[in-house]
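Position 1 is the first residue of the sequence; numbering continues from there. Atoms within each ligand, like the ligands themselves, are counted from 1 in listed order.
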Amino acid sequence: MRYAELAVNSPGSHSTFCYAIPPQLDIDVGQAVWVPFGSRVIQGIVVELSDQPSVEVTKEIAETITDYPLLSPRQIELARWVSQHYLSPLFNSIALMLPPGFERKLITYFQYREGTSPSPTKDLPPLTPEQTQALHLIREKEKKSFKELERKFGPKKAKQICDQLLHYHLVMKSQEPEKAKVKPKSLPYVKLIASKDEIEDETARLNKSRAYKQAAVLEFLSQQTQPIAISEVKKRLDCSLESIRVLERRRLLSVELVNIRRDPLSHLKLKPSLPPPFTSSQQAAWKIIADNWTKRDDHGSPSVFLLFGVTGSGKTEIYLRALTQVIAMGKRGICLVPEIALTPQTVERFASRFPGRVGILHSGLSLGEQFDEWQRIKEGKCDVVIGPRSALFAPQPDLGLIIIDEEHEWTYKQEDKSPRYHARDVALKLAQLTGAVVILGSATPDIDSFHKAQLGVYHLVELKERITPHGYSPLPKVDIVDMKGELKVGNTSLFSRSLLAAMKETLAQGEQIILFLNRRGTATFIQCRNCGFVFRCPRCSVALTYHSAEKKLTCHRCHYAIPVPQACPQCFSHRLKFLGIGTQRVADEVKRLLPKTSLLRWDRDVTTKRYAHERLLSSFRDHKADILIGTQMIAKGLDLPQVTLAGIISADTGLNLPDFRAGERTFQLLCQVAGRAGRGFKAGKVIIQTYSPENYAIQSAAKHDYVGFYHQEIAYRRQYNYPPFSHFIRLVYYHTNNDLCRREAERVRDTILNEQERKGITKLSLIGPIPAFAARVRGRYRWQLILRGSDPAQVLPGITLPQGWTLDVDPVGVI
Ligand code: ADP
Ligand code: ZN
Ligand code: ZN
């Protein structure tokens with residue numbers, strides 16, 4: 001007997017399970033199977049084969065789902081690493097790599113047993129009205145799903161009823177997997193099978209007997225060199241399906257199903273493009289990469305390059321060259337870009353360089369498109385896969401290169417569900433397993449990445465100047481305006497005097513402006529001037545945000561909304577003060593001060609619709625408006641050559657958050673905005689308004705001085721023993737009852753402290769329990785513990801956390 005270790009699709013199961021392989025089944029590592037699990041049958045993935053069972057009693061695998069492995073042994077190894085490192089169930093990590101739409105649940109059905117009678121027999125007690133009703137429902141159809149009965153009677157009752165009916169032997173229970181969510185798409189195609197002479201004779205005959213449509217079909221098909229879709233024939237000739245079927249029955253033509261690829265790029269008009277000759281800086285950068293391509297470090301890991309260059313310095317051209325190189329070596333690549341940068345322009349740039357050989361994977365595609373792309377990639381038909389963080393798990397064979405653009409982006413970390421992985425760290429592991437080279441690109445590298453480059457773990461590759469289609473262009477000049485000074489001279493406007501003057505000048509030149517704000521809504525919150533009361537969400541306890549368009553106060557976490565109150569509920573005063581600023585307020589202010597200018601607003605409120613932001617952007621690029629106002633969304637990846645002025649209304653938001661990465665985040669945002677201006681012919685100008693002009697993040701951003709910022713930041717991290725000098729694990733407990741929530745957090749803190757002492761772990765500190773920054777989300781309280789140390793995970797094995805806890809290893813934020 002052979003045995004298989006399986007990761008099973010059952011929430012919370014961390015270990016693998018051993019199953020016996022029945023002799024008639026051919027099972028391989030990576031294959032998907034159905035297995036009995038408790039009273040259910042669930043999906044499992046084979047992660048290992050052996051001749052010995054790992055437990056005494058084993059059940060047998062029921063059935064295979066696919067007859068070929070879905071995952072390669074390397075992917076399984078990667079999944080094991082992810083689940084170990086991020087302390088998450090193995091199946092969750094494996095699920096990242098499965099084909100789209102793979103996960104299927106099992107449906108329970110009840111079926112009436114023929115030959116028994118619903119009327120009470122001698123030995124059966126009379127049925128209750130509900131049991132009778134249920135039995136009628138079940139008899140109506142061949143079988144009834146338990147779900148439907150649940151809807152009718154409620155979950156508890158339905159179970160009771162069904163158990164009784166089963167006990168009386170009136171019904172049978174069966175289980176079947178739900179229907180596949182997605183399948184290959186196929187369409188009926190027709191082609192002629194009769195000989196040319198036959199067709200000619202037949203056409204003449206049909207015309208004579210006035211069957212003109214059938215004759216036309218034959219004539220049309222005889223002009224085609226390839227099978228053609230029935231729908232196309234019907235449309236072109238305006239004929240019925242029956243005319244085609246008649247010809248089929250007479251064996252003049254045949255109809256067969258043809259697989260159709262749902263192509264997510266079909267709407268792009270692609271012109272194949274050639275690479276431009278490299279500039280001398282690109283040449284120098286490329287030389288470092290090419291020279292070190294095949295080098296291995298002491299542990300046998302392939303090279304990692306940190307490509308450090310401002311936006312517009314030509315990094316993407318380097319990526320494209322590296323991809324060309326890896327393809328020439330007979331291998332393939334994966335290129336990750338932040339979700340927000342996955343625009344048609346970006347995709348087009350890659351797709352036109354490698355026509356027909358680019359695969360794209362992201363959640364914005366239809367499930368059918370995702371499914372077809374996944375299959376195409378697995379079959380080795382894509383030289384390049386491009387997508388957001390999840391594209392790292394594409395089944396790309398012969399992987400030779402992984403590129404991560406904007407590697408500092410926090411969206412590379414999955415935060416909302418397990419495994420809470422960081423795509424950069426997983427990419428490094430995948431590279432080690434496959435021998436793929438890694439290129440990380442950024443204008444403002446993650447502090448940890450730059451630190452590794454300083455240590456020589458990564459090769460640092462620099463691109464110092466910006467290239468525009470018109471040659472090199474200097475970085476914009478940045479001025480810092482101290483808003484305290486504006487207040488002193490009585491300027492209470494959102495705009496400082498110098499920003500307003502610069503705006504007027506820019507508009508007079510016929511150029512464009514972006515105004516940046518790290519917030520949404522017209523006011524962050526409303527406060528009573530009399531008693532200080534602040535309107536908060538009753539479910540989440542965060543301050544409600546004022547939206548002037550709907551005249552509502554809205555919670556940005558749970559979408560709770562109320563009309564704007566007239567008075568304070570605490571002291572009944574009418575003196576409510578609107579605090580903070582939002583894009584709407586900036587827009588109002590622009591209209592007041594510069595009534596003739598046209599403007600566009602970009603933030604998440606406006607751009608929730610798919611492609612809405614692309615439309616907004618292209619109309620701004622076409623100069624349909626002079627000013628674009630937006631939140632952090634506009635800071636990323638836009639190419640707006642006519643913008644010569646960027647104004648940052650308030651740089652302070654975010655700086656004061658209680659998170660050790662607040663400075664890094666602010667610096668990155670400011671640099672990104674600053675990088676927007678002046679990408680065309682003219683040099684740009686940036687104005688940063690702030691109440692803390694001396695802050696080092698703001699100072700360095702104004703000087704475009706990443707390295708200066710890095711040195712201050714890394715000193716601070718070293719001093720306080722923050723990452724990269726230590727590792728964090730964040731444990732959050734959610735509960736609707738605040739007291740219970742806190743007590744559970746305290747209990748786990750004590751357990752951890754005991755375990756630490758028992759194991760004699762020294763380099764570990766524990767922070768908390770403290771309420772999370774937004775202490776309450778969607779009606780649930782959150783208390784958190786933070787573990788910090790050189791290897792904080794070592795205290796956790798042996799501690800079981802009850803439901804309600806989430807674990808985040810290497811969190812990107814701790815608030
Ligand atoms: P990044 O990825 O660093 O933002 P890009 O590769 O997008 O930079 O380059 C910025 C602009 O310069 C793009 O419009 C690109 O087409 C152009 N560009 C890049 N390299 C060259 C080159 N060698 N010759 C001419 N134009 C170039
Ligand atoms: Zn009040
Ligand atoms: Zn809320």
Residue [X] vicinity, atoms of ligand 1 by number, heavy atom under 4.0 Å:
X: T311; answer: 4 (O)
X: G314; answer: 1 (P), 3 (O), 5 (P), 6 (O), 8 (O), 9 (O)
X: F278; answer: 23 (N)
X: T279; answer: 23 (N)
X: P276; answer: 21 (C), 22 (C), 23 (N), 24 (N), 25 (C)

Residue part near ligand 1, for [X], under 4.0 Å between non-hydrogen atoms:
X: P277; value: backbone
X: V310; value: backbone
X: Q345; value: neither
X: R466; value: neither

Answer yes when [X] and [Y] have at least one side-chain N-carboxylate O distance shorter than 4.0 Å, and no when they do not.
X: E317; Y: R353; answer: yes
X: R376; Y: E379; answer: no
X: R717; Y: E664; answer: yes
X: D448; Y: K452; answer: yes

Do we see a donor-acceptor contact under 3.5 Å between the side chains of H451 and Y710?
->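 Distance-only check passes for H451 and Y710.
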Check whether the side chains of E406 and Y412 place a donor and an acceptor atom closer than 3.5 Å, and report yes or no.
->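 Per modelled atom types, E406 and Y412 side chains form no pair under 3.5 Å.
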With only distance considered, is T316 within less than 3.5 Å of ligand 1 through an N or O on each side?
->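 Yes, since at least one N or O of T316 sits under 3.5 Å from an N or O of ligand 1.
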What do you reckon, does G312 put a non-hydrogen atom under 4.0 Å from ligand 1?
->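 Contact present.
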L320 heavy atom under 4.0 Å from ligand 1 |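 No.
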Separation of L440 CG from L460 CG (nearest 0.5 Å) |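 Interatomic distance, L460 CG to L440 CG, rounded to 0.5 Å: 11.0 Å.
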If we only count heavy atoms from C-beta on, is the P811 to E415 side-chain gap below 4.5 Å?
->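 With C-beta onward as the side chain, the pair stays apart.
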